There are 2 protein chains.
Amino acid sequence: MISFDSMKSMLDESYKHVACSTCKSRGHGLFNGISGAELDTLEAQRACNFYKKTQSLFVEGSTPRGVYCVNHGKVKVFKRGDEGKEQIIHIAKAGDLIGFRAMFSGELYKVAAESLEDSNICFIAKEDFLNMIEFNPTLRNGIIKELSQELSDRADFITNMAQKSVRERLAFSLLILMDIYGEDPINLSREDLANFVGTATETLIRLLKEFKEDGCLEIEVRKLRVIDKIKLISLAGN
Amino acid sequence: MISFDSMKSMLDESYKHVACSTCKSRGHGLFNGISGAELDTLEAQRACNFYKKTQSLFVEGSTPRGVYCVNHGKVKVFKRGDEGKEQIIHIAKAGDLIGFRAMFSGELYKVAAESLEDSNICFIAKEDFLNMIEFNPTLRNGIIKELSQELSDRADFITNMAQKSVRERLAFSLLILMDIYGEDPINLSREDLANFVGTATETLIRLLKEFKEDGCLEIEVRKLRVIDKIKLISLAGN
DNA sequence: CCTAAAAAATGACGAAAATCATATTTATTT
DNA sequence: AAATAAATATGATTTTCGTCATTTTTTAGG
């Protein structure tokens, strides 16, 4: 059965198949500096799909068959710990590529991905993607750079996890989320936010309240809006 | 001034310049499946250096000039948190390549590297290395795979940091260190081990004692030997 | 071999954050 | 619109772990 909300989204312009050539999100990501002929190839090879909120792209342990390119929406990439609690490793936004790591490692997925809101996500099959990488040095270097960048981000992430208090980590996380959500308010469940920060949901809720009382944050149920970035930066502890 | 110990190491066979063609460590790492002509190139381009214990390879914020290939010894790769406390991200052993991430990102080093024991480490200049990568598909794919693998490891690391207790993390860390040290006892200062696990040195010392009393571990000042891997695995909590 | 410095170990204590229980609000379904 | 479920919120309690102070042991240098 189709909910009113997802129905609306299907009728929404965001659901229309977007040509790669006119895809506004392309400018942000890997396929930015792509040329005419290659753009046509990409166009021909990708399949555009609609994912409604909380729909799974792939799960831990499954076989990678291709990469996902977000045209519109947000996707969480996460791993489950021993007790089943999710740790969100990354939140992908429009223009971002998901699941390319597994293309190269030859292993099964070690993480899972799920849409956080109604999203348009294109799919490029493994062989097609690997072909592009193999024969397009620009694309290839872009991928290598992307992998390197993420590696660096994760070193930061690990250091923060290990050394910062939950309060500092929340402030830091909100700053990251500001970049991801841009002009839009941060739209995450308390549980997802807790799983991104790496804390218990109850602790997160208490801290959000503190931040609100400190005048850093405006809270409307599921929408968070940072109103004092400077203060948040100082709360993040450098 | 040269200490007796480093003097000894310089005279030690481990200090001798090793040809890449006969380098025993090469089998473990990226340069494993390298062919005759390319091996000669590598041989000609690399410089072999001796680093005594606690010597720095590079520091945070400096300009990357090439990659380091460990012939013999161990190297810690770490990042400093706000209060200067080190977080060890990775410990490199013989055969491992260090500092290649920064070759691709075009940024300054975001981490630092320092030898944990007297080590032989070869150096390959940036242009030479990038050339090799550009024109050798095998090597290139090896690097991409390596980057992907590390990315996956770090997702695990983050999840562990966020969800496991210090005790579980220590058990997990010891298992990783067993792989790195192989037959040799784990040889790290309490502080380094604490900075790898992500805890206070005092807490780490107390836990080591517990593990010893539980019969998992043999402790000789700076040398740790796991004697019950099975138990350690259960302590690591899956 | 002795001395100074560094590293490791131990104890006492407090703060941070997890857990458990329960209430309240918001969404969803019928 | 009522009913059920899910998400959010709050309180009480406990556990874990970090911090600070001090002692003991080990290492390195003269």
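Here is the naming used below: chain letters follow the sequence lines, and residue numbers restart at 1 for every chain. Just so it is clear, the structure is predicted and the values come from calculations on it, not from any experiment.
- Within 4.0 Å (heavy atoms only), A:T201 reaches no atom of the nucleic acid at all.
- For the pair B:K93 and B:Y181, the NZ or CZ position fails the cation-pi test of under 6.0 Å to the six-membered ring centre and within 45 degrees of the ring normal.
- Atom pair A:L224:CG and D:dA7:P shows a separation of 16 Å (rounding to whole Å applied).
- Axis deviation across the helix from C:dC1-D:dG30 to C:dT30-D:dA1 amounts to 50°, comparing end segments of five pairs, rounded to 10 degrees.
- With DNA chain C read from its 5' end, the first of the two nearest nucleotides for A:R169 and A:R222 is the one closest to A:R169.
- Contact of A:E202 with C:dC20 (side chain to base): a donor-acceptor pair of N or O atoms is detected under 3.5 Å.
- Side-chain contact between B:I89 and A:I158: present, with at least one pair of heavy atoms (C-beta onward) separated by less than 4.5 Å.
- Aromatic pair A:F58/A:Y68: centroids less than 6.0 angstrom apart.
- Distance check: A:I205 CD1 to A:E191 CD gives 10.0 Å after rounding to the nearest 0.5 Å.
- When each of B:A200 and A:V221 is assigned the nucleotide of DNA chain D with its nearest heavy atom, A:V221 is the one assigned upstream, toward the 5' end.
- A heavy atom lying under 4.0 Å from DNA chain C marks the following residues of residues 204-213 of chain A, by number: A:R206.
- Atom pair A:E191:CD and C:dA18:C1' shows a separation of 15 Å (rounding to whole Å applied).
- Inter-residue side-chain proximity for A:L224 and A:L208 is flagged as met; some heavy-atom pair is nearer than 4.5 Å.
- Within 6.0 Å of CD on B:E220 lie no more than 12 heavy atoms contributed by other residues, nucleotides or ligands.
- To the nearest 0.5 Å, the span separating CD on A:Q149 from NZ on B:K110 amounts to 5.5 Å.
- B:T203 comes within contact range of at least one nucleobase, with a heavy-atom separation under 4.0 Å.
- Between B:D192 and B:K76 a salt bridge is recorded (basic side-chain N to carboxylate O distance below 4.0 Å).
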